[in-house]
Chemist: 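Please read through the structure below; I'll follow up with questions.
All values derive from a computational prediction rather than experimental measurement.
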Amino acid sequence: MSAPTATAEAAPMSKRKTLEALSGLLLVLFVAMLSSTVVSTALPKIIGALNGSQTQYTWVVTATLLTATATTSIWGKLADLFNKKLLIQVAIVVFLVGSVAAGFAQSAGQLIAARAFQGIGVGGLQALVQVAIAAMIPPRERGRYNGYLGGVMALATVGGPLLGGLIVDTSWLGWRWCFFVGVPVAAVALFLLQITLNLPTVRRENVKIDYLGATLIAAGVSVLLIWISFVDDSFAWVSWQTGAMVGGSVLLLALAVWVEARAAEPVVPLHIVRERTTALAILGSLAVGMAMFGGAVFLGQYFQIGRGYSPTEAGLLTIPMMAGVLISSIVAGRMITATGKIKPYIVFGSVVLVIGFAMLGTIDHETSLAFVGLAMFIVGVGVGMTMQNLVLAVQNSVALKDIGAASASVAFFRSLGGTIGVSVLGAVLARRVTDRITGDLAAAGIPTSGGGGSTLNLDALPEPVRQIVRAAYGDATGHIFLISAAIAVVGIVAALLLRPVTLRSSLDLPDTGRSVAVGADAVDGAPAFDEVSVDSAGREERARR
């Protein structure tokens, strides 16, 4: 592997310059999150206007997550090789083009395609914002700034559904502005980054991009996710299509591992993924992503179709979850900065997340809104204490030169988990809703016509059928939250197995071969410190003093 031709001693930026640069990065993160949340409450209306189906409803979300997942690790690796600021700006431009294309879509299929292209930019923004922040702020101090990240997440997640609901409820705007609205915000973010973000670039000679590995990873993940979306609907679990797609995905991913193990500049460095902290954080992020994205994406549908509220009202009803995210991320971030310890907060957040989803698993179309709000708040607390801190735990354990690949690996698997969650839970919801509607229509003596068509366009249905559809969606949603709770249990196991460490106060790991004492909890009278030496690959080697 080639060595850098010029290297600068990594030094933290001043607080003033950090906040200036952070303003643009936070706006970028806001835009990326807004692209998903602004359509969450508007999507039933959008799909209804385009005469789409429940499967297409799921795919509008899944398409963005799929391409974001497939490209996240590639963006992260590029950040370790090239100028991070330029890459962020490129990702913003890709995002803008996808947003405009989505706004002009004339059918559900066109909307899905535009959202898939938009996801390429979202994948870049998800990975690169974390990488840029890691290059500016030491892990110990990053806990404090995670409060700002939590605030932006909460604002985007609360403001997005409200804005989306308001847009589709305003006749002179229309649903297309759900996609156009992010364009000026992204343009402002592009300008802010140009004048505020200045990160040193370590240039290397003979840089090699692992195009083959990147292609194999993207293809393997995409085939697997497409199979998840269509199995048990377009074809059976045991069928030649399942064998071909699952077998093809496994073969592609196996080849990707083989290529990555031999590549000079692998997209996903296997020595990082094999580290205990990174591996457990990836497992935890996979579970959190499946539970969070998979469960939360259907809340807007539950409030509108299952409970009969308008898009704007549905946006207001999601505030408790976002309040939980905001409060917990700020409080946990400041406590982590004060103590340097991160594991207790990840463990607590993982447990709280399971409790919240278990409570949501009991809801139906008549559940008290106070109970639903409390359960959503608890889910928000769990998300706020786990999502960002899992990334921070990984960033603390790797060298600065690998920060892009490491951060992207966690974001990759979280996004992968979210895509799988949305696909699987969307398929379960569609199946249960279809069975319930068919049974209730037959019981009521109402003839069923066609294969379900667009059950999301409630305005086109007679009142008796509309009530049956509402009850079916309201009752089926609780079941998918129960599945989310079961998935989130994996996150608890991963959190418990994390090694307790104290976050470092330097941007980079100590020099090769030099040892540093890292605080750890004393167990059974053992010394309160472990000796951590860092080898040339950035791996930790521990020995008791």
Side-chain angles (χ1 to χ4, degrees), residues 39-62 107-108 111-112 161 164-165 168-169 175 229-230 232-234 294-318 360-369 371-372 376 422-484:
V39 300
S40 59
T41 53
L43 206 49
K45 288 273 188 181
I46 295 172
I47 296 300
L50 294 174
N51 289 316
S53 64
Q54 175 63 43
T55 300
Q56 289 173 319
Y57 179 103
T58 302
W59 261 97
V60 170
V61 179
T62 302
S107 67
L111 178 59
I112 291 168
V168 296
D169 282 342
W175 64 264
S229 299
F230 288 105
D232 201 32
D233 181 19
S234 300
V297 76
F298 298 106
L299 277 171
Q301 195 175 32
Y302 167 76
F303 285 125
Q304 290 180 67
I305 298 180
R307 302 301 294 263
Y309 292 101
S310 71
T312 303
E313 291 169 335
L316 288 169
L317 289 168
T318 61
L360 284 177
T362 65
I363 66 174
D364 57 28
H365 71 287
E366 296 179 335
T367 303
S368 164
L369 288 180
F371 178 85
V372 176
M376 290 168 61
V422 170
S423 300
V424 171
L425 298 182
V428 171
L429 180 66
R431 174 67 63 183
R432 290 182 68 88
V433 164
T434 299
D435 292 345
R436 173 72 181 271
I437 291 175
T438 302
D440 288 355
L441 287 175
I446 301 174
T448 57
S449 57
S454 175
T455 57
L456 298 182
N457 191 1
L458 297 186
D459 294 337
L461 300 175
E463 181 58 27
V465 177
R466 190 181 307 161
Q467 292 305 318
I468 288 174
V469 171
R470 288 199 190 284
Y473 272 95
D475 295 348
T477 303
H479 183 73
I480 65 172
F481 285 129
L482 207 55
I483 298 175
S484 295

Chemist: Are the side chain of R307 and the backbone N or O of G474 linked by a donor-acceptor pair below 3.5 Å?
Modeler: no
Chemist: Provide the closest heavy-atom pair for H365 versus D475 in the form atom of the first, atom of the second, distance.
Modeler: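 Shortest heavy-atom separation between H365 and D475 comes out as ND1-OD1, 2.7 Å.
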Chemist: Output the distance between atom CD1 (I480) and atom CG (L429), rounded to the nearest 0.5 Å.
Modeler: 5.0 Å
Chemist: Would you say the side chain of T362 lies within less than 4.5 Å of the side chain of F481, judging by non-hydrogen atoms?
Modeler: no
Chemist: Will you find, in the side chains of T367 and D364, an N or O donor that is under 3.5 Å from an N or O acceptor?
Modeler: yes
Chemist: At their closest point, which heavy atom of L425 faces which heavy atom of S484, and how far apart are they?
Modeler: CD1-OG, 3.3 Å
Chemist: Mind listing the closest non-hydrogen atom pair of M376 and L360 along with its distance?
Modeler: CG-CD2, 4.1 Å
Chemist: Does any non-hydrogen side-chain atom of V372 lie less than 4.5 Å from one of Y302?
Modeler: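 SC-SC contact between Y302 and V372 confirmed.
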Chemist: Closest heavy-atom contact between A472 and V433?
Modeler: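 Answer, listing the atom of A472 first, then V433: O-CG2, 4.1 Å.
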Chemist: Just jot down the side chain to side chain donor-acceptor pair (under 3.5 Å) partners of S310, sequence neighbours excluded, or say none.
Modeler: E313
Chemist: With no hydrogens and no angle check, is any side-chain donor or acceptor of R432 less than 3.5 Å from a backbone partner on H479?
Modeler: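 No, because the side chain of R432 does not come within donor-acceptor range (under 3.5 Å) of the backbone of H479.
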Chemist: Contact between L111 and W59 at the side-chain level, heavy atoms closer than 4.5 Å - yes or no?
Modeler: no
